[in-house]
Amino acid sequence: MASAQDTNGDGTDQVLVEEYGFTRMLALNRPRQLNALSFPMIMRLLKLFIAYEGDPKVKLLIMKGNGRAFCAGGDVAAVAHSITEGHWTFGANFFRNEFTLNYIIATYSKPQVSILHSIVMGGGAGVSIHGRFRVATEKTVFAMPETALGLFPDIGASYFLSRLPGFFGEYVGLTGVRLDGPEMLACGLATHFVPSMKLASLEESLTRVDTSDPNVICAIIDQFSQQVPLKENSAYNRLDLIDKCFSKRTVEEILSALEQEGENGAIEWIMAAIQSLKKASPISLKISLRSIREGRLQGLDQCLIREYRMCCHVLRKDVSRDFFEGCRAILVDKDRNPKWEPSRLDLIDDKMVDRYFSKVDDWEDLKLPTRRGSAATSISKL
C-alpha cells in the first residue's frame, strides 16, 4: 500500500489517496467542515477521476469521508461569500466544475464504490449517487436540504430524484426530509446496506480487487450486505399517500393535499412535511418541483445543463435573493429565521419561475465533455 498526501494548496490535502494494487481509495478530508466540497476539492477529484480512467493500473475507485460525515454538501457558504465580496462568476465556475465531475462519475467506465457512512447531503450525493455502488449503514443520514437554503436540489438531482419510486423524489426534494440507511436502500438511492462494524472488512476485500467487472465487485459487497426492515414510522411505508399528495401539479396543491390528510389523523411524517414546506423558500419550492418534473423526461446531461442555468440565475439574483438570505440565516448568523422574498407561494407567477429555466444572458451554457456510452446513472439500472 502506498500513500499520497501533501498540502500544496491544490486540494491534495483535502482529498487523500491510498493505493492498494489496482484499487484507489479517495478520502474526502475536511472533517471540521463535514467534508463540504470546496473548489480545490472538486478540482482535485476531477483530476484524479480523469487520470484514473485512462490508467490500466487502476480498476476500482472507493470514495469515503474522514471524520463524522461522508460529505455534507458543496461549500455554498463560501460561494455566497465570494459573490458578496466579488462577482457571481466565481460561483458559476464552482458549479460548472462540480456538475462536470458529477457527469464524469455518472458515465465512468470503471466502478466506484461510495461508503456512505453518516452524513450525505447535497453535493455529497453528487459525488456518490451517480456512481455504480452506494453502500449505506445504520448511521447514514441522507438529505437534499436545498429548499431550506433558498436553493434547489442540483448536482443532477432532478435526474435521480425523478426516477425514485412513484413521487418519492418530489417528497425528498421539496421537504428536505432526512432518510436513513434502510430507506435509502428501499428507494434505490443505496445499492447495499452494510453494518458499520463490517466496513473495515469490506474495504479490505475491495482493496484486493484486480478487475473492473461490476458483477465481481457486486458479489464482494454482497458478502457483507444485508436486507434491513424499514422503521415502522418511515414515510416510505406509505408511498401510496406520498404519491397521492406529491403527484399534484403545483406546490400549493401538494400542501393542500397534505393538510387534508393531516386532518384525518396527525401522522408524524405528514405534519413534518407540512412544516418543512411552510418554512422553505417559496421560490425554491416552485423551481424545485418544476425541475424534478422536467427531469423525468430528460437525460442526465440535459438535467445538468438545465440545473446549471438555474444556478446561474440564483447567483445573479435575477428573481430573488433567497439563496443569500438562506445562507445567512442557516449557515452564517444561524438564527434560522430567513426572510424570504417573495414571502408567499401566491406571490410567484409563472414568468418568475420561467426565468430560472431560460438561457443566461451573456454567459455560456454548461458544456459537458464527450463520453463513451450513454449518460445514465445506476439509479435507472436498479
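None of the values given here were measured: they were computed from a predicted structure. Position 1 is the first residue of the sequence; numbering continues from there. Heavy-atom basis, side chains included; hydrogens, waters and symmetry copies ignored.
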Run the salt bridge (Lys or Arg N to Asp or Glu O under 4.0 Å) test on D301 and R371 for me, step by step, so that the C-alpha distance in whole Å, both residues' side-chain angles and the decisive distance to 0.1 Å come before the verdict. CA-CA 11 Å; D301 52 349; R371 306 285 291 160; over 6 Å; no
Please report the C-alpha distance between K64 and E203 in whole Å, then the side-chain angles of each, then the deciding distance to 0.1 Å, and finally whether the salt bridge (Lys or Arg N to Asp or Glu O under 4.0 Å) criterion is met. CA-CA 10 Å; K64 60 188 292 187; E203 291 176 15; 3.1 Å; yes
Check step by step if side-chain hydrogen bond (donor to acceptor under 3.5 Å, both in side chains) holds for W269 and Y171. CA-CA 11 Å; W269 70 264; Y171 167 61; over 6 Å; no
Evaluate the salt bridge (Lys or Arg N to Asp or Glu O under 4.0 Å) criterion for residues E252 and K286: first the C-alpha distance (whole Å), next the side-chain angles of each, then the deciding distance (0.1 Å), finally the verdict. CA-CA 9 Å; E252 292 92 331; K286 290 270 191 174; 2.8 Å; yes
Let's go through E261 and K244 carefully: what are the C-alpha distance in whole Å and the side-chain angles of both, what is the deciding distance for salt bridge (Lys or Arg N to Asp or Glu O under 4.0 Å) to 0.1 Å, and is it a yes or a no? CA-CA 10 Å; E261 294 297 330; K244 179 180 178 181; 2.7 Å; yes
Could you walk me through whether Y108 and F49 pass ring-ring contact (aromatic ring centres under 6.0 Å, His included), step by step? CA-CA 8 Å; Y108 212 60; F49 270 86; 5.1 Å; yes
Run the numbers on F246 and L258 for side-chain contact (heavy atoms from CB on, under 4.5 Å), then give the verdict. CA-CA 8 Å; F246 284 87; L258 286 167; 3.8 Å; yes
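Listed for the S158 side chain is no donor-acceptor partner under 3.5 Å among the backbone atoms of C303. Side chain of D243 to backbone of F167: a donor-acceptor contact under 3.5 angstrom is found. The backbone N or O of D180 sits less than 3.5 Å from a side-chain atom of E183, completing a donor-acceptor pair. A distance-only check finds no donor-acceptor pair linking the side chain of N337 to the backbone of A329 [under 3.5 Å]. A donor-acceptor pair under 3.5 Å is absent between the side-chain atoms of Y52 and the main chain of R24, judged by distance alone. No donor-acceptor pair closer than 3.5 Å links the side chain of D210 to the backbone N or O of K59. In this structure, T147 contributes its side chain and L174 its backbone to a donor-acceptor pair below 3.5 Å. Distance alone, capped at 3.5 Å, places no donor-acceptor pair between the W88 side chain and the K317 backbone. At distances below 3.5 Å, not a single donor-acceptor pair connects side-chain atoms of T175 with backbone N or O atoms of S276. Side chain of K110 to backbone of V58: a donor-acceptor contact under 3.5 angstrom is found.
Considering NZ of K359 and SG of C312, their distance stands at 9.5 Å, rounded to 0.5 Å. Atom CD1 in I42 sits 11.0 Å away from atom CG in N93 (nearest 0.5 Å). Here the CD1-CG distance, from I292 to L161, works out to 5.0 Å after rounding to the nearest 0.5 Å.
Note on ring orientation: taking the six-membered ring where Trp is involved, the planes of Y236 and F168 are perpendicular (angle over 60°, cut-offs 30° and 60°). Ring planes of F39 and F94: tilted class, angle from 30 to 60°. Ring geometry for H313 against Y356 counts as perpendicular: the plane angle is over 60°, on a 0 to 90° scale with 30° as the lower cut.
Using a 3.5 Å distance cut-off with no hydrogens or angles, the side chains of E138 and S196 do pair a donor with an acceptor.
Taking 4.5 Å as the limit, some side-chain heavy atom of D335 sits within range of a side-chain heavy atom of R328. Two residues are said to be in side-chain contact when any heavy atoms from C-beta on lie closer than 4.5 Å; I242 and E170 fail this criterion. Here the side chains of L26 and L16 are not in contact, with every heavy-atom distance at 4.5 Å or above. Between C218 and H192 the shortest side-chain heavy-atom distance falls below 4.5 Å. With contacts defined as side-chain heavy-atom distances shorter than 4.5 Å, the pair P165/C187 qualifies. Contact of the M63 side chain with the V113 side chain is not registered, since no non-hydrogen atoms from C-beta on lie closer than 4.5 Å.
Neither L34 nor F142 shares a network with the other; the hydrophobic side chains, linked directly or stepwise wherever heavy atoms of I, L, V, M, F, W or Y lie under 4.5 Å apart, form separate groups for each. In the hydrophobic clustering of this structure, L185 does not group with V120; members are Ile, Leu, Val, Met, Phe, Trp, Tyr whose side-chain heavy atoms approach within less than 4.5 Å, directly or through other members. W340 is not connected to L347 by any chain of hydrophobic side-chain contacts under 4.5 Å among Ile, Leu, Val, Met, Phe, Trp and Tyr, and they are in different clusters.
Nearest heavy-atom pair, S114 versus V127, reported as atom, atom and distance to 0.1 Å: OG-O, 4.0 Å.
Between D318 and R316, at least one side-chain N (NZ, or NE/NH1/NH2) sits under 4.0 Å from a carboxylate O, which counts as a salt bridge. In summary, D354 and R290 engage in a salt bridge, as defined by a charged side-chain N under 4.0 Å from a carboxylate O.
Taking the ring centre of F224 as origin, the terminal cationic atom of K198 falls outside the region bounded by 6.0 Å and 45° from the ring axis. Under the 6.0 Å distance and 45° angle rule, R163 counts as a cation-pi partner of Y159.
Here H130 and F160 bring their ring centres to under 6.0 angstrom of each other.
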